Amino acid sequence: MSKDMMPMFELFQPTDLGGALDLADRFGADGWIMAGGQDSLDWLKDRVKRTQAVIDLSRVPELKGIRETADGVEIGALTTLTEIAESPVISGNFGLLAEAASKVASPQIRHVGTIGGNVSQDARCWYYRSGMDCYRAGGSTCYADTPQGMNREHCLFGADRCVAVSPSDTAPALVALDASMVIRNAGGERVVPAEDFFIGPQIDIENMTVLRPDDILVAIRIPNTWAGANFYFEKVADRKTWDFALVNIAAAIRVTDDTISDLRIAAGGVECVPRRLTVVEDIVKGSAKNGETAKLAGGSASRGATPLNYNHFKIPLLENLVTRAIRDA
Ligand SMILES: Cc1cc2nc3c(=O)[nH]c(=O)nc-3n(C[C@H](O)[C@H](O)[C@H](O)COP(=O)(O)OP(=O)(O)OC[C@H]3O[C@@H](n4cnc5c(N)ncnc54)[C@H](O)[C@@H]3O)c2cc1C
Ligand code: SF4
């Protein structure tokens, strides 16, 4: 492939959802849905992926904004991360998501990057991003999972040929908040729990979500189940400026009389999907909210981890983040 010219594509800018769905249906796998373009444009400019047609959703009003509903909130997929971080509705009831959105990348990226794009972004593995023919790119090897492979950013759990991780900061927050994803295509609508929206390599090694080429993620719904709970979000990255999480943690906790009555907790950067830490949830539910419970919970978070050559450090990192989440939420 020539490296000196970005391959041509047709640009479509539909102004309503019906038009966008028609285009997604017409082009299927030959089209590329684009929201804020912060992930999409990298692929196209780096000449690593190409497409016949870019379907730019930025002019579709039905996909934008935050609406309160009878049982929670609905966030249009094209709502920017800045809008989410600054929304009084989200900060008031679902501060976990506001906090996670505020930790994505840089202010510039958050101003144009959308929540839909954030949860649908592709793997951040160096080898895959540089156009190498690994499993995820349809090939028959993994360059990261080798004795010399650069794998300090890669997974602790759920490896199946590919060892890439979920890079999104908002994804674990949405799993912890029990959100669901509203997906449409020309044939109709389906609503998928956030936990099932993200898929690992054992299900589909080339896609990180259940979205098919003719699908558009139209909105994300968050029920009131966790509204106003105690929340904890923390992201650890190599640098304090824009960077992806090595590990992030998102927890929603209900405390009654100093006892943890209910809890949902998920981590990013440790598996190809945001990992819901059900072992931690089971251990902690019904226990006193104190340092001892937090330490016990932290120790259990890495159960079953199979580190790669260079990412053993993620085990204590995950354990410490879980400990802090339970102690400080
Ligand atoms: C320098 C840099 C740093 C970054 N740091 C972080 C970080 O710290 N944390 C983090 O979480 N992310 C980070 N990102 C990743 C990402 O770019 C942003 O998170 C952003 O939110 C992506 O949103 P977008 O609207 O620009 O997506 P786009 O680039 O438009 O889309 C991303 C993907 O999602 C698909 N898509 C988008 N919207 C829809 C939809 N409604 N329906 C169906 N498919 C859709 C597109 O087809 C594409 O495959 C970073 C990116 C860059 C370039
Ligand atoms: S970790 Fe996944 S994306 Fe990276 S080289 Fe291996 S197969 Fe490819």
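The first residue in the sequence is number 1, and the count goes up from there. Please read these numbers as outputs of a predicted model, since none were measured by experiment. Start at 1 and go down the list; that is how both ligands and their atoms are numbered.
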Heteroatom distance test ([X], ligand 1): nitrogen or oxygen, under 3.5 angstrom:
X: Asp39; answer: yes
X: Trp242; answer: no
X: Ser40; answer: yes
X: Gly37; answer: yes
X: Ile33; answer: yes
X: Val112; answer: no
X: Gly36; answer: yes
X: Asp215; answer: no
X: Gly113; answer: no
X: Thr170; answer: no

Can you tell me which residue and heavy atom of the protein come closest to [atom], and the distance to 0.1 Å?
atom: atom 53 (C) of ligand 1; value: Gln38 O, 3.5 Å
atom: atom 19 (O) of ligand 1; value: Asn118 ND2, 2.5 Å
atom: atom 7 (C) of ligand 1; value: Ala105 N, 3.3 Å
atom: atom 14 (N) of ligand 1; value: Phe244 CZ, 3.2 Å
atom: atom 36 (N) of ligand 1; value: Ser120 CB, 3.9 Å
atom: atom 12 (N) of ligand 1; value: Gln121 NE2, 3.2 Å
atom: atom 37 (C) of ligand 1; value: Gly117 CA, 3.6 Å
atom: atom 9 (N) of ligand 1; value: Asp169 OD2, 2.8 Å

Total protein N, O or S atoms, atom 4 (Fe) of ligand 2, separation less than 2.8 Å: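 The number of such protein atoms is 1.
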
contact_flag Lys235 ligand 1 heavy-atom lt 4.0 Å: yes

4.0 Å heavy-atom contact, Asp122 with ligand 1: no

Flag if over 12 foreign heavy atoms under 6.0 Å of NZ, Lys295: no

Atom CD of Glu292 with >12 non-hydrogen neighbours under 6.0 angstrom: no

Criterion salt bridge (Lys or Arg N to Asp or Glu O under 4.0 Å) against Lys49, the qualifying member of Asp30, Asp42, Asp122: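 Among Asp30, Asp42, Asp122, the one meeting salt bridge (Lys or Arg N to Asp or Glu O under 4.0 Å) with Lys49 is Asp122.
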
Are [X] and [Y] within salt-bridge range, i.e. N to O under 4.0 Å?
X: Arg276; Y: Glu271; answer: no
X: Arg67; Y: Glu74; answer: yes
X: Asp215; Y: Arg184; answer: no
X: Asp243; Y: Lys103; answer: no
X: Lys314; Y: Glu153; answer: no
X: Asp39; Y: Arg124; answer: yes

Under 4.0 Å from a heavy atom of [X]: give me the atoms of ligand 1 that qualify, with their elements.
X: Leu81; value: 21 (O)
X: Ile109; value: 1 (C), 2 (C), 3 (C), 52 (C)
X: Ser168; value: 11 (O)
X: Leu217; value: 40 (C), 41 (N), 42 (N), 43 (C)
X: Thr114; value: 21 (O), 23 (O), 24 (P), 25 (O)
X: Ala35; value: 25 (O), 30 (O), 37 (C), 38 (N)
X: Ile216; value: 42 (N)

Can you tell which part of [X] has a heavy atom less than 4.0 Å from ligand 1: side chain, backbone, both or neither?
X: Asp42; answer: side chain
X: Ala77; answer: side chain
X: Met181; answer: neither
X: Leu211; answer: side chain
X: Pro167; answer: backbone
X: Leu63; answer: neither

Do [X] side-chain atoms and [Y] backbone N/O form a donor-acceptor pair below 3.5 Å?
X: Arg221; Y: Val73; answer: no
X: Arg129; Y: Ala123; answer: yes
X: Arg303; Y: Val279; answer: no
X: Arg264; Y: Val175; answer: yes

Trp43/Tyr128 aromatic ring centres below 6.0 Å: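 Aromatic pair counts; centres sit under 6.0 Å.
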
Leu97 reachable from Leu321 in the ILVMFWY side-chain graph, under 4.5 Å edges: no

Checking side-chain polar atoms at under 3.5 Å, does [X] have a donor or acceptor matched by the opposite partner on [Y]?
X: Thr293; Y: Ser287; answer: no
X: Asn224; Y: Asp71; answer: no
X: Thr278; Y: Glu281; answer: no
X: Asn151; Y: Asn311; answer: no

Compare every heavy atom of [Y] with every heavy atom of [X], then report the nearest pair and how far apart it is.
X: Ile84; Y: Ala101; result: CG2-CB, 3.9 Å
X: Asp25; Y: Ala186; result: CG-CB, 3.7 Å
X: Tyr232; Y: Ala329; result: CB-CB, 3.9 Å

